[in-house]
Structure formats: C-alpha cells, structure tokens
Number of protein chains: 2
Amino acid sequence: MRADILDSAVRLFAAHGFRGTSLQDIASDVGCSKASLLYHFTNKDAILSELFAPIGQEFETLLQRLAPLSGEEAARAAVAGVVDMSLRFRNQVKILLLDVDTMLDHPDLPCVDDVTESLVDALVGRVPEQEPRVAGWMALLGIFLTTARGVSIPDETMRSELTSGAFRTLGLSS
Amino acid sequence: MRADILDSAVRLFAAHGFRGTSLQDIASDVGCSKASLLYHFTNKDAILSELFAPIGQEFETLLQRLAPLSGEEAARAAVAGVVDMSLRFRNQVKILLLDVDTMLDHPDLPCVDDVTESLVDALVGRVPEQEPRVAGWMALLGIFLTTARGVSIPDETMRSELTSGAFRTLGLSS
DNA sequence: ACGATAACTGACCGATCGGACAGTTCTGTC
DNA sequence: GACAGAACTGTCCGATCGGTCAGTTATCGT
C-alpha cells in the first residue's frame with residue numbers, strides 16, 4: 001500500500017508539481033481515502049521525502065565512484081552516471097524541475113544547485129586540457145533536467161543520444 | 001504602478017513559483033493592498049500573462065529571422081538568439097522552469113515543449129552534415145532553462161560561455 | 001472650490017488545502 | 001469465536017487562497 005501511494009504520488013507530482021497535487025488527488029488515484037495516506041505517512045512532505053531518499057544515496061555513491069578517478073576517465077564516468085540517474089529517476093527529476101526552488105525548506109531534498117556544485121567540485125581540475133567550462137556543465141545539468149520532459153524515445157537510444165551529446169558538450173570525443 | 005506590480009511579480013514568481021506566490025505576497029512587496037492589485041489586473045493569471053507577452057513576440061521575431069537562413073548560419077543565429085533571450089528574460093525563463101507543466105491551461109503562455117519543437121522544426125535539415133541531434137538540442141534547451149538558475153557571472157562572460165557551450169554541443173567550431 | 005473620475009482599501013466570501021481524531025472494518029493468532 | 005492490533009474512513013477544523021464589493025482617498029480639469 002505504501003508502494004501504491006508512492007507510485008501514484010511520484011506520477012502526479014511529476015505531472016502537476018508538488019503544490020499542484022493535493023492529498024485528495026493522490027488518494028483518488030490510489031483508490032483510498034485521504035486519511036489513509038496520513039496513516040501511512042506522517043504528512044504530505046514525508047511522501048515527497050521518501051520519493052527522493054534513494055536519489056541521495058545513489059548520488060553519494062556516484063561521487064565516491066568518481067573520487068579516485070581523474071582526467072578524461074572522470075569526465076566520462078560523470079557523464080555516464082548523470083545520464084543513467086536521469087533516466088532511472090525521470091519522474092523525480094521532473095518534480096525537481098517543477099518545484100526546484102519552492103521547496104528549499106525541505107532539508108532532506110536534493111537541491112539542484114547543490115547537485116551541480118558537487119558535480120563541478122568533483123571534477124574541477126580533472127577534466128583534461130581545459131578547466132571545466134561553466135556552460136558545459138550547465139548543459140549537462142540541462143540534459144539531466146530536460147531528460148525528464150518525457151521525449152518519446154526508447155531508453156537505449158536516449159541513453160546513447162544523451163551520452164554523446166554530453167561528450168560533445170564537454171569537448172570529449174565519443 | 002502597473003510596472004511596480006509586474007516588477008515585484010516577476011521576481012517573486014521566479015523565486016517561489018506561481019503557485020507559491022500569493023497575491024498578498026506581491027502586495028506586500030509592492031507596498032499596497034491585495035485589492036489594489038486586482039484593480040490594475042483582472043486576476044492573478046492576468047499578471048502572469050502580461051509578464052510573458054513580450055517573449056512570445058520576440059520568439060516569433062527570432063523564428064522569422066531564422067526562416068531565410070540555412071546551414072551553419074541558421075544554427076549560429078539560433079544559438080545567439082536563444083542565448084540572448086535567455087539572458088534578457090531570465091526571470092520569465094525561471095518561472096517557466098518552475099511551473100512548466102502546471103500551467104498548461106494558460107493558453108497565452110509559452111509552453112517549453114512548443115518552444116523546443118519550434119526551434120527544432122526551424123532547424124531540421126539545416127544544420128550541416130548531421131541531422132540535429134536530439135540531445136544537442138535538449139542541451140541547448142537545458143542552457144536556456146538553466147541560465148535562469150542565477151549563476152553569479154557577469155552577463156558578457158555568461159553570454160560567451162553559453163554561446164561557446166552551445167556551439168560545442170551542436171558540433172560547431174567557436 | 002468643486003465635482004468627476006481614477007486609485008486604492010478593509011472587510012468579507014466561498015472554496016480548498018493539509019491535517020487531526022474518534023470510530024469502524026479488516027486480518028491474523030490463540 | 002474472541003481478542004488485539006493494524007488498516008482504513010468520515011467528519012470536522014483552522015488556515016489560506018483568489019476574488020468581490022461598498023466605501024474612502026487622491027488627483028485633476030474647470
């Protein structure tokens with residue numbers, strides 16, 4: 001039941017935003033009462049927090065995987081990791097895209113700026129030949145964000161498109 | 001007075017989203033009563049619509065300027081136009097970033113998907129050597145969107161960074 | 001000075017929101 | 001079948017929202 005709620009919530013939040021989705025909307029989608037939601041979750045924010053819990057862990061893992069790497073190897077691993085996460089957490093990314101600054105008061109929610117900063121920090125001085133260009137990483141973040149826009153392309157095609165696009169952005173040969 | 005209201009509104013909408021900004025918030029920022037806002041504008045939506053009026057016109061102008069062009073010239077003009085607009089309408093872009101799908105019922109508001117589609121349509125078959133790559137244009141849209149995230153960089157530096165980044169994304173030499 | 005009109009406001013309304021809570025139903029154990 | 005606890009619900013509440021409206025104040029041409 002918790003899984004059903006989370007499933008409906010992530011879909012509705014991604015479609016209409018956090019503020020644009022009421023508890024009643026989720027309850028109707030699940031097929032239960034609003035009060036039932038608040039039995040399984042302490043409040044509306046708790047639903048949101050739980051949706052983003054795995055992302056924080058995965059991002060930490062990605063940063064750790066990047067830590068020992070350097071140079072072009074680090075850049076390629078970063079691209080692959082970001083593309084992979086953006087595809088697997090598409091709805092969550094879309095929620096961030098919709099509500100990015102409206103929920104800064106949620107301490108356990110990933111902040112897009114923090115994510116970007118962490119990525120840039122993790123790669124400063126490691127990308128070959130040139131310092132990481134601001135626009136390049138912004139474009140990579142753009143890919144990360146716009147992936148969520150629901151382009152109707154098979155995931156594998158999308159993956160290679162995104163990867164080669166990001167490589168090109170960062171001046172790497174694909 | 002109308003100008004003061006629009007000025008506060010675009011700033012608050014960009015900071016907290018359309019739904020996250022109440023009429024009282026705007027009124028407090030302006031320094032007048034909520035009822036005064038609704039004297040100058042028929043409703044909250046009308047404020048939003050007026051904020052986006054110039055963008056639609058400018059985008060039409062951009063598309064017309066692209067129409068007679070082709071090949072690399074078209075791509076470069078598109079990049080320059082998008083970068084220019086994203087810098088000049090930074091707050092409006094950020095509002096779209098925050099509320100992109102939550103306001104599909106606003107007929108006179110630019111839809112990010114439409115903007116992307118128009119740009120891609122305007123350039124399909126015109127970019128040299130290769131078809132426009134999905135990821136490349138998604139990244140360009142990403143730049144367009146993430147420009148609004150308020151990176152503290154002078155506009156001229158930003159402009160050249162964004163332009164060279166977009167060129168790299170599209171496989172053009174800068 | 002005065003009347004007309006624009007500009008503005010306080011008070012109020014209906015709707016909706018997140019959330020609280022007492023009470024009911026379901027489910028499994030002995 | 002009796003009991004316990006989990007699962008669930010209907011109903012209510014305070015707060016807040018967008019919007020209305022009668023009434024007040026400021027502005028300006030004459």
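Chain naming here is simple, since letters A, B, ... match the order of the sequence lines and numbering starts at 1 in each.
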- Task: Using only side-chain N and O atoms of B:Tyr39, determine if any of them is under 4.0 Å from OP1 or OP2 of C:dA7.
- Result: yes
- Whole-Å distance between D:dT11 C1' and A:Gln24 CD? 13 Å
- Just checking B:Leu23: base, sugar-phosphate only, or nothing, at a heavy-atom cut-off of under 4.0 Å? sugar-phosphate
- Spacing between A:His16 atom NE2 and C:dC17 atom C1', to the nearest angstrom: 17 Å
- Query: Roughly how many Å is it from CZ in B:Phe41 to P in C:dC8, rounded to a whole number?
  - Reply: 11 Å
- Message: Nearest whole Å is fine: how far is C:dC26 P from A:Met1 CE?
- Response: 15 Å
- Message: Without decimals, in angstroms, what is the distance between B:Arg19 CZ and D:dG18 P?
- Response: 11 Å
- In whole angstroms, the gap separating P of D:dG19 from CG of B:Asp45 amounts to 6 Å
- Does the B:Thr21 side chain pair with the main chain of B:His16, one donor and one acceptor, at a distance under 3.5 Å? no
- Below 4.0 angstrom from OP1 or OP2 of D:dA6, is there any side-chain N or O of A:His40? no
- Assign A:Ser36 to base, sugar-phosphate, or nothing according to its heavy-atom contacts below 4.0 angstrom with the strands shown. base
- 5'-most by nearest nucleotide on DNA chain C - A:Lys34 or B:Cys32: B:Cys32
- Do A:Thr61 side-chain atoms and A:Gln57 backbone N/O form a donor-acceptor pair below 3.5 Å? yes
- Between A:Ala35 and A:Thr21, the residue closer to the 5' end of DNA chain C by nearest nucleotide is A:Thr21
- Interatomic distance where CG belongs to A:Asn43 and P belongs to D:dG14 [whole Å]: 20 Å
- Message: If I compare all heavy atoms of A:Lys44 with all of A:Phe18, which pair ends up nearest, and what's the gap?
- Response: NZ-O, 2.9 Å
- Between A:Leu6 and A:Phe41, does a side chain to side chain contact (heavy atoms under 4.5 Å, CB included) hold up when you go through it step by step? CA-CA 10 Å; A:Leu6 290 174; A:Phe41 298 89; 3.9 Å; yes
- D:dA6 P sits how many Å from A:Leu38 CG, rounded? 18 Å
- Task: Enumerate the residue pairs fulfilling side-chain hydrogen bond (donor to acceptor under 3.5 Å, both in side chains) with a member in residues 23-38 of chain B, sequence neighbours excluded, ordered by first and then second residue.
- Result: B:Ser8-B:Asp29, B:Arg11-B:Asp29, B:Ser22-B:Asp25, B:Gln24-B:Ser28
